[in-house]
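Encoded as structure tokens, the structure appears first; notes follow it.
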Amino acid sequence: MAQPRNVLLGSLIIVMFVISYTSANNILVNPMIGKGSHFYTSAAIGEQLIHRGYNVTFLLGSAFENHARSSRYGHMFHWEVFKHPIPTQAVHDMFANLSKLISDSARDVTYELPVQSVLQEARLNDCRALLEDEALIGRLRAANFSAVLFDYTWVCGAMVGELLDLPYFVFFIFPYSCHVTSIEGSSFHPAYIPSMMTSYSNKMNFKERVINSLVYTLLEKILGPNLVAPYKELTLRFGIPDPLELLTNSKLWLVNSDFVGEFPCAFAPNVIQVGGLTTRAAEELPADIEDFIQGSGDDGIIICAFGTFLILDDSNLHVIRIFAEAFDRLPQRVIWLLKTPPPFPIPANIKILPWLPQNDILGHPQTRALFFHGGQNSYYEAIYHGVPVVVMPIFGDQNDVATRIVHHGLGLKLDKGFMNAENLYDALHEVTTNATYTKTAKRMSSAFQDRPMRPAERAAFWIDHAIKHGTNNLEIPVHTLNPFQYYLIDVISFILVVVFFFFYIVFKCCMLICSKACNCYIKSKID
Ligand SMILES: *[C@@H]1O[C@H](CO)[C@@H](O)[C@H](O)[C@H]1NC(C)=O
Ligand SMILES: *[C@@H]1O[C@H](CO)[C@@H](O)[C@H](O)[C@H]1NC(C)=O
Ligand SMILES: *[C@@H]1O[C@H](CO)[C@@H](O)[C@H](O)[C@H]1NC(C)=O
Ligand SMILES: *[C@@H]1O[C@H](CO)[C@@H](O)[C@H](O)[C@H]1NC(C)=O
């Protein structure tokens with residue numbers, strides 16, 4: 001009796017497998033050239049797409065081909081690699097040079113523009129190399145993809161989508177989700193939403209609102225278009241729409257923020273919040289790290305992680321000394337991410353490591369605080385695990401992340417220019433001893449986790465939904481309006497003219513009636 005049933009079940013499973021195998025949708029993911037958080041955030045989405053039965057191919061630059069050999073993702077995804085127009089070593093040298101420039105503590109923010117312009121030129125050259133690689137484009141065409149998922153930072157991914165005649169979806173890894181999606185119809189109001197790079201919160205005084213509005217207009221109308229304008233040469237050559245249109249042609253926007261840690265605003269329906277893509281439950285730690293943490297007893301540990309934004313060289317030696325001096329005074333032990341150990345003796349409560357399983361350490365019950373630069377992914381990892389922070393922003397969006405941290409009460413901000421051993425110790429002491437910060441962190445953590453889906457699952461769900469059902473019902477037709485129509489200037493002008501004529505006619509009538517009445521009155525007097 002049981003046997004036929006098993007056979008039936010077996011063949012049913014085989015049939016289902018064949019159906020799901022042959023109808024597997026292929027998705028192409030372009031995480032820019034594959035560097036750092038651009039890769040890890042999209043890999044988290046890719047992993048969930050695999051769970052939904054998709055076949056996922058990553059397209060990245062040869063300098064980051066090592067991801068194809070990673071134990072976690074190597075066999076999970078397919079890989080397509082384009083060659084940079086410069087040697088691989090030169091790509092790494094460029095990033096190392098930029099890290100050095102950024103982390104040089106003697107400098108102020110004036111390095112931002114040179115860094116951006118170097119990156120801008122490198123990206124344009126990479127894009128040209130990618131589109132000119134006919135063999136690669138041919139392989140991509142043959143793979144029969146259903147959609148392209150690309151990184152907002154590199155519009156080239158959308159150009160590949162156009163070239164293959166596929167719908168494309170965009171993901172945005174920085175905190176300014178309300179700002180960048182205002183071109184999609186999200187409601188961005190400079191009165192209560194801070195523009196990028198202002199470091200304002202959503203409560204601004206008059207002066208801040210003036211600056212905020214000007215910055216928004218400047219970025220929106222001048223700087224933003226200028227960033228993609230150089231790609232026009234390529235779009236003309238390959239017969240695809242103007243680079244300015246490519247972002248607004250994106251069907252779905254996945255933004256790396258969450259209202260638990262972000263300022264609230266109203267999103268267009270095709271904008272989905274997936275903040276905290278890299279967050280996940282802590283996994284077991286390597287034995288040496290676990291032993292070090294266990295040895296800290298009730299005092300626990302603090303993590304210090306600045307990624308590539310603080311590297312050890314002559315210009316930074318004094319910063320490294322200040323850190324060590326402040327850490328030495330703490331009752332906690334400190335796990336410190338630093339590629340090269342400093343050339344002076346390190347206090348016994350510090351463990352220096354060239355690489356950290358940061359998410360797993362944050363999830364350890366003995367972790368008391370995170371001291372970091374304000375990276376968006378680390379911010380959400382701290383929220384997820386309910387760990388208070390001290391933030392010292394160095395570059396780019398980090399000042400804005402720091403504002404969000406202070407606004408939500410997750411921790412304290414230190415100014416890089418005024419940091420010394422005293423105030424660093426004070427800040428770390430305050431967040432680890434004043435229970436307000438831990439309480440806030442736990443509250444944010446439970447709000448963040450109390451959802452039907454994790455961020456990466458939500459991202460994969462919406463990609464699947466958009467592929468199956470399209471996004472026409474989600475798109476606000478803002479792009480079809482010109483500025484006069486969008487700001488209702490035509491309508492307001494029309495109404496003003498009508499009102500003006502109405503009052504003009506009323507006035508004229510009154511004059512007429514008055515003069516008639518006066519005439520009658522004068523006449524009757526005379527009579
Ligand atoms: C391409 O993939 C779709 C499913 O995504 C499938 O319906 C179609 O038959 C495939 N075409 C070819 C030529 O493989
Ligand atoms: C998955 O995509 C790759 C192209 O990157 C292709 O070679 C492979 O055949 C696809 N697998 C399935 C099951 O569709
Ligand atoms: C990096 O800096 C070194 C020396 O400072 C210079 O020789 C080299 O050309 C730079 N490399 C790149 C790719 O910018
Ligand atoms: C703890 O921190 C909160 C928020 O910054 C502050 O209002 C409070 O005074 C602090 N408590 C103590 C005991 O310092």
Side-chain angles (χ1 to χ4, degrees), residues 14-31 34 39 42-43 45-62 64-65 67-70 73-82 130 133-150 157 160-161 163-168 201 203 331 368-371 382 386-391 402-415 422-444 460 463-464 467-468:
I14 290 171
V15 167
M16 276 167 59
F17 176 75
V18 169
I19 288 175
S20 70
Y21 182 80
T22 48
S23 66
N25 270 306
N26 291 349
I27 292 201
L28 182 66
V29 182
N30 174 226
F39 176 76
S42 54
I45 300 176
E47 194 171 350
Q48 293 302 323
L49 284 169
I50 299 272
H51 285 320
R52 287 193 164 263
Y54 281 86
N55 181 21
V56 179
T57 303
F58 270 74
L59 169 63
L60 30 76
S62 44
F64 296 95
E65 205 175 351
H67 291 306
R69 293 185 294 273
S70 97
Y73 298 115
H75 294 290
M76 195 182 285
F77 306 132
H78 292 265
W79 305 89
E80 284 292 353
V81 175
F82 68 86
L130 166 56
D133 188 342
E134 282 172 19
L136 171 65
I137 299 290
R139 281 201 305 278
L140 296 180
R141 244 188 247 287
N144 189 20
F145 292 110
S146 313
V148 177
L149 177 64
F150 77 101
V160 172
L163 216 53
L164 305 182
D165 202 16
L166 293 172
Y168 42 89
S201 82
K203 299 206 171 61
R368 301 284 178 260
L370 170 68
F371 174 40
V387 174
V389 306
V390 171
V391 58
T403 304
R404 283 152 175 79
I405 287 168
V406 173
H407 175 88
H408 286 98
L410 184 66
L412 294 172
K413 175 187 167 181
L414 276 180
D415 192 326
E422 194 61 35
N423 60 20
L424 173 54
Y425 169 80
D426 286 346
L428 289 169
H429 179 76
E430 175 72 5
V431 298
T432 47
T433 53
N434 182 337
T436 317
Y437 297 100
T438 312
K439 240 186 248 161
T440 305
K442 297 289 177 228
R443 180 174 48 71
M444 289 172 83
I463 290 170
D464 184 42
I467 287 174
K468 282 183 186 149

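When reading the values below, keep in mind they use all heavy atoms of this one structure, side chains included, and skip hydrogens, waters and symmetry mates. Numbers here are sequence positions counted from 1. Read the numbers this way: they start at 1 and go in the same order the structure lists the ligands and their atoms.
Residue, atom and distance of the protein heavy atom nearest to atom 9 (O) of ligand 4 are N434 ND2, 4.8 Å. Closest to atom 5 (O) of ligand 4 among all protein heavy atoms lies Y437 OH, 3.0 Å.
At a threshold of 4.5 Å between non-hydrogen side-chain atoms, the residues N26 and T57 do not count as touching. Looking at H78 and N55, their side chains come closer than 4.5 Å, going by heavy atoms from C-beta outward.
For atom 1 (C) of ligand 2, the choice among N55, L59, N25 with the nearest heavy atom turns out to be N55.
Ring geometry for F39 versus Y73: interplanar angle over 60°, hence perpendicular rather than tilted (30 to 60°).
An N or O contact shorter than 3.5 Å is missing between H78 and ligand 2 by distance.
No donor-acceptor distance shorter than 3.5 angstrom exists from the side chain of H407 to the backbone of T403, with no hydrogens or angles considered. R141 contributes a side-chain N or O that, together with a main-chain N or O of L163, makes up a donor-acceptor pair within less than 3.5 Å.
For atom 13 (C) of ligand 4, the nearest protein heavy atom lies 4.0 Å or farther away.
The ligand atoms of ligand 2 that sit less than 4.0 angstrom from a heavy atom of T57 are 2 (O), 4 (C), 5 (O).
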